[in-house]
Colleague: 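To start, I am sharing the structure in question, which I have written as structure tokens.
The first residue in the sequence is number 1, and the count goes up from there.
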Amino acid sequence: MGGSGNVDGTGVAARFDYPEGVATDSAGNVYVTDNENHTIRKITPAGVVTTVVGGAGQEGFVPGALPGVLSNPIGVAVSGNLLYITMCNGVAVVKNLL
């Protein structure tokens, strides 16, 4: 049981590959940078994990409509309805995701 990967699911059924940055919103959701999957994952208070930004295995940076494309996200922060994502090459801002 366990191991790395990219699986949305509930509790221990979910898989990450090098989770790094963590932030929470006012509703109790946790946002995690999944560095090696190039994604941002959301964990609800009920333990449900979903991918909200980026696509596993799709590395780069493509702004615009979600899900977008990220490159090894490192940090994440929440401010109001904005999600700030730091990467080695810059910062991305996602509006109205929360």
Colleague: Using a 3.5 Å cut-off and no angle test, enumerate the donor-acceptor pairs between side-chain atoms of residues 48-65 and protein atoms at least two apart in sequence or in another chain.
Modeller:
unit_1	atom_1	unit_2	atom_2	d
T51	OG1	D8	OD1	3.0
T51	OG1	R41	NE	3.1
E59	OE2	S71	OG	3.3

Colleague: Transitively linked via ILVMFWY side-chain contacts under 4.5 Å: F16 with V30?
Modeller: yes

Colleague: Under 3.5 Å, side-chain donor or acceptor atoms of residues 84-91 against the rest of the protein: list the pairs with distances, not counting sequence neighbours.
Modeller:
unit_1	atom_1	unit_2	atom_2	d
T86	OG1	G75	N	2.9
T86	OG1	G75	O	3.4

Colleague: Compare all side-chain heavy atoms of D17 with those of D34 and state whether any distance is below 4.5 angstrom.
Modeller: yes

Colleague: Can you name the nearest heavy-atom pair linking P45 to G28, along with the distance?
Modeller: CG-O, 3.7 Å

Colleague: Please find the pair of heavy atoms, one from L83 and one from Y31, that lie closest to each other, and give the distance.
Modeller: CD1-CG, 4.0 Å

Colleague: Mind checking whether V78 and L70 sit in one hydrophobic cluster, side chains of I, L, V, M, F, W, Y counted as touching below 4.5 Å?
Modeller: yes

Colleague: Are I40 and V22 connected in the hydrophobic side-chain network, where two residues link if heavy atoms are under 4.5 Å apart?
Modeller: no

Colleague: Backbone N or O of A27 within a donor-acceptor pair of the D25 side chain at under 3.5 Å?
Modeller: yes

Colleague: To the nearest 0.5 angstrom, please state how far the CG atom of N37 sits from the OH atom of Y18.
Modeller: 13.5 Å

Colleague: Walk me through whether R15 and N6 qualify under side-chain contact (heavy atoms from CB on, under 4.5 Å).
Modeller: CA-CA 5 Å; R15 295 285 175 266; N6 180 61; over 6 Å; no

Colleague: Taking the side chain as every heavy atom from C-beta outward, state whether L82 and V94 have any pair of such atoms under 4.5 Å apart.
Modeller: no

Colleague: Residues sharing I74's hydrophobic cluster, by side-chain heavy-atom contacts under 4.5 Å among ILVMFWY, directly or via others?
Modeller: none

Colleague: Are the side chain of N35 and the backbone N or O of P19 linked by a donor-acceptor pair below 3.5 Å?
Modeller: no

